[in-house]
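Below is one structure, written out as structure tokens, with a few remarks after it.
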Amino acid sequence: MTIQTPQAIRGTQDIFGPDAEAFGFVVETFERVRRLYRFRRVEMPVFEKTAVFSRSLGETTDVVSKEMYSFDDRGGESLTLRPEFTAGLARAYLTDGWQQYAPVKLATHGPVFRYERPQKGRYRQFHQIDAEVIGAAEPQADVELLVMADQIIKELGIADGVTLQLNTLGDAASREAWRHALIGYFRDHTASLSEDSQDRLERNPLRILDSKDPRDKPFTADAPRIDDFLTAEAQDFFAKVTAGLDAAGVEWTRSPALVRGLDYYRHTAFEFVTDRLGAQGTVLGGGRYDGLIEALGGPHTPAVGWAAGIERLAMLVGDRAEPVLDVVVVAESADREIEAQALVARLRRAGAIAELVASGSLRKRFDRAKKLNPASIVSLDQRDGNKTQNFRPLRPEVAGMELAGKVFAAFYADMQ
RNA sequence: GCGAUCGUAGCUCAGUUGGUUAGAGCGCCGGUUUGUGGUACCGGAGGUCGGGGGUUCGAACCCCCUCGAUCGCCCCA
């Protein structure tokens, strides 16, 4: 009788080898850079009461009803696996009294969950790095976040082909005026729009602006622009953001079609976009969400943040080799296997990256060691009753080789 | 939720118009050779051809269903 091997959940992934190295490189780079900007590390729960997300997302149609991983716990309470970090951080800001630290700069990373159809660069469990500034109303906070994001992308070595697209949604008054103008404009052309966009006109008119359908393109090009509806304050805010970016040497392009569907987004909206990832080109995105914390029942609290998918960044980073082995210890005789274990332990304690080959066919052990492509090989043999031990340098350019040689010499000096 | 493409060994893939016992390379295991030596030679393990049903004398190959993967649409906090 055979049992069926369980399969992985759709949209989950097991990350291994060079992919995992690239993943780790992204996280390490993020951690290093966020310290330079004094963003404080936070660890957050993976799940929250469903209300944390459903309120923050404003009960938006598809997002809450279809795209979240929600379930009832044993007490009958609805819980949800976090689809993003922002809402949970806002909740913690309120429930943990983080107001005392405001303005507070926060950084975190980990898995997030969205019930979506998997495709290139899109999974149901994926991973994000995340940075937020809560309690800061000034455009300097937006600038600091963007400069940090820019530095991370550059230090990952993936800036080529990535552009920062920037827009402003204005304050609440600007945004509402623009929205009304857009609805009026598209309503006049309803019949000529794609079916999808006719549908969007009722549900989410701003989204018509980034429709991929060629039938919509002529109309989106001539659609009303936010610039004509910005209040003086909103204009001033955006001008300070762009001036700050220019001063810091961060390149950006204006993207008037870049929108956010949710009402609590104000002012700055931005995305770092690449042309190298097919349909999923956004690599890092965020904006200012001054209305969110009120939506969770808190006091008016300005805030701004961004998140980036680690897998997408890792795809741009490409394969990363695992660290080079400093030394392989090979026991070519069964009588030397214990000794080989002692030596490899000593090498590792001394800080050498070391592997042991002391099993399988005696004759093939050395060949197996060579295939590991180490910087050096230590061979322990015993022929005609005579013990030999040999340190064989192979790749002098590897820094750890010399260390391995010294530890080898010291080990046998001690045995005398 | 919709659409397109694809599922043959651990991995990458052959498999001719349907025709004997389904193959190769790599990897793994054992052996020969060599004996400071990875690239040679021999052998072995490993496959219900994703699963189920149908057509046929006969199906990896044709048809239907199903599961899974990939890419795109919708959505994108």
Side-chain angles (χ1 to χ4, degrees), chain A residues 2 4-13 16-17 52-69 80-90 112-124 126 128 130 132 194-200 203-204 206-208 210-213 258-265 269 271 273 277-282 285-287 289 291-292 295 305-307 309 312 328 330 332-333 357 359-374 376-381 383-384 388-394:
Chain A
T2 56
Q4 184 93 39
T5 302
Q7 291 178 311
I9 306 290
R10 181 199 296 275
T12 64
Q13 35 171 358
F16 176 75
V52 169
F53 304 113
S54 61
R55 272 193 217 139
S56 80
L57 297 172
E59 309 285 356
T60 33
T61 51
D62 284 0
V63 169
V64 169
S65 59
K66 299 200 303 205
E67 313 278 349
M68 296 204 312
Y69 263 100
T80 296
L81 300 178
R82 63 183 180 207
E84 57 163 17
F85 281 103
T86 309
L89 289 167
V112 292
F113 305 83
R114 297 181 185 181
Y115 199 95
E116 297 183 292
R117 192 121 190 134
Q119 51 185 284
K120 188 178 183 68
R122 233 179 158 173
Y123 309 94
R124 287 187 174 178
F126 62 109
Q128 287 186 332
D130 183 282
E132 315 277 348
S194 67
E195 298 77 17
D196 281 336
S197 286
Q198 291 181 28
D199 198 37
R200 288 185 185 113
R203 298 189 347 265
N204 202 349
L206 271 57
R207 282 284 160 208
I208 301 175
D210 53 16
S211 168
K212 289 169 187 161
D213 196 306
L258 177 58
V259 295
R260 291 280 116 94
L262 300 169
D263 290 339
Y264 57 69
Y265 278 99
E271 290 181 356
V273 181
L277 284 183
Q280 310 299 330
T282 298
Y289 50 94
L292 170 61
W306 56 250
R312 287 190 195 174
V328 178
V330 194
E332 296 196 84
S333 154
V357 175
S359 65
S361 165
L362 289 170
R363 295 197 169 165
K364 293 190 174 169
R365 288 182 190 181
F366 192 90
D367 290 350
R368 275 167 53 208
K370 271 215 144 180
K371 282 188 188 173
L372 296 171
N373 198 21
S376 62
I377 295 178
V378 172
S379 154
L380 309 183
D381 205 350
R383 240 176 268 163
D384 309 320
T388 60
Q389 48 275 335
N390 212 313
F391 178 82
R392 191 172 162 78
L394 296 169

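Reminder, nothing fancy here: chain letters follow the sequence lines and each chain counts from 1. Computed from a predicted model, the values in this text were never measured in an experiment.
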Interatomic distance where NZ belongs to A/Lys370 and C1' belongs to B/rG38 [whole Å]: 6 Å

Per-nucleotide protein contact string for nucleotides 27-36 of chain B, where B marks a base within reach and S marks sugar-phosphate only (heavy atoms under 4.0 Å, - for neither): S--BBS-BBB

Length of the line joining A/Ile377:CD1 and B/rG38:C1', which is rounded to integer Å: 8 Å

Results of side chain to side chain contact (heavy atoms under 4.5 Å, CB included) for A/Ala307 - residues two or more places apart only: A/Gln128, A/Asp130

Residues which pass side chain to side chain contact (heavy atoms under 4.5 Å, CB included) with A/Ser359, listed by chain and number, not counting sequence neighbours: A/Arg368

Distance test, side-chain N/O of A/Arg203 to OP1/OP2 of B/rC75, below 4.0 Å: yes

Pairwise P distance, B/rC63 and B/rU17 [rounded to whole Å]: 15 Å

Nearest-Å distance for atom pair CG/P, residues A/Asn373 and B/rG38: 13 Å

Comparing A/Pro83 and A/Ile9 on RNA chain B - which has the more 5′ nearest nucleotide: A/Ile9

Check against side chain to side chain contact (heavy atoms under 4.5 Å, CB included), A/Leu380 and A/Gln389: CA-CA 5 Å; A/Leu380 309 183; A/Gln389 48 275 335; 3.5 Å; yes

Inter-residue atom distance A/Arg114.CZ - A/Met68.CE, 0.5 Å rounding: 11.0 Å

Between P of B/rA77 and CG of A/Leu206, the distance in whole Å: 11 Å

Euclidean distance, atom CZ of residue A/Arg124 to atom P of B/rC76 [Å, nearest integer]: 17 Å

Touch class at under 4.0 angstrom, heavy-atom based, for A/Asn204 against every strand present: sugar-phosphate

N/O contacts under 3.5 Å, protein versus nucleotides 71-73 of chain B?
| residue | atom | partner | partner atom | Å |
| --- | --- | --- | --- | --- |
| B/rC71 | OP2 | A/Lys120 | N | 3.1 |
| B/rG72 | OP1 | A/Ala279 | N | 3.0 |
| B/rG72 | OP2 | A/Lys120 | N | 3.2 |
| B/rC73 | OP1 | A/Lys212 | NZ | 3.0 |

P-based separation of B/rA4 from B/rG27 [nearest Å]: 40 Å

Between B/rA60 and B/rA22 - P atom distance, rounded Å: 9 Å

Contacts of type side chain to side chain contact (heavy atoms under 4.5 Å, CB included), residue A/Thr282, not counting sequence neighbours: A/Glu271, A/Val273, A/Arg312

B/rC67 versus B/rG51 - spacing of their C1' atoms, nearest Å: 7 Å

Residues which pass side chain to side chain donor-acceptor pair (under 3.5 Å) with A/Asp199, listed by chain and number, not counting sequence neighbours: A/Arg203

Rounded P spacing from B/rC61 to B/rU39 in Å: 41 Å

For A/Ala269 against A/Leu258, the heavy-atom pair lying closest together: O-CD2, 3.6 Å

A/Leu394 side chain reached by A/Ile377 side chain, heavy atoms, under 4.5 Å: yes

Closest contact, heavy atoms only, A/Glu132 versus A/Gly305: OE1-CA, 3.2 Å

Every protein N/O within reach of nucleotides 43-46 of chain B N/O, cut-off under 3.5 Å:
none

Protein-nucleotide distance (A/Arg10, atom CZ; B/rG68, atom P), rounded to Å: 5 Å

Atom-to-atom span, CD of A/Gln7 to C1' of B/rU66 - whole angstrom: 13 Å

Nearest heavy-atom neighbours spanning A/Pro374 and A/Ala369: CD-O, 3.4 Å

Euclidean distance for C1', B/rA9 against B/rC28 (whole angstrom): 12 Å

Contact nearer the 5' end of RNA chain B, comparing A/Gly11 with A/Val259: A/Gly11

P spacing across the pair B/rG44 / B/rC64, given as an integer number of angstrom: 41 Å

Gap in Å between the two C1' atoms, one belonging to B/rG53 and one to B/rG15, rounded: 25 Å

Any A/Val112 side-chain heavy atom under 4.5 Å of A/Phe126 side chain: yes

Dot-bracket pairing map - RNA chain B, Watson-Crick plus G-U, both contacts under 3.5 Å, | cross-strand: (((((((..((((.....[...)))).(((((.......))))).....(((((..]....))))))))))))....

Set of residues satisfying side chain to side chain donor-acceptor pair (under 3.5 Å) with respect to A/Asp210, sequence neighbours excluded: A/Arg207

With A/Ser376 via side chain to side chain donor-acceptor pair (under 3.5 Å) - residues at least two apart: none

Whole-Å gap separating C1' (B/rA77) and CG (A/Leu89): 14 Å

Partners meeting side chain to side chain contact (heavy atoms under 4.5 Å, CB included) with A/Ala90 (sequence neighbours left out): A/Leu292, A/Ile293, A/Leu296

Set of side chain to side chain donor-acceptor pair (under 3.5 Å) partners for A/Gln7, sequence neighbours left out: none

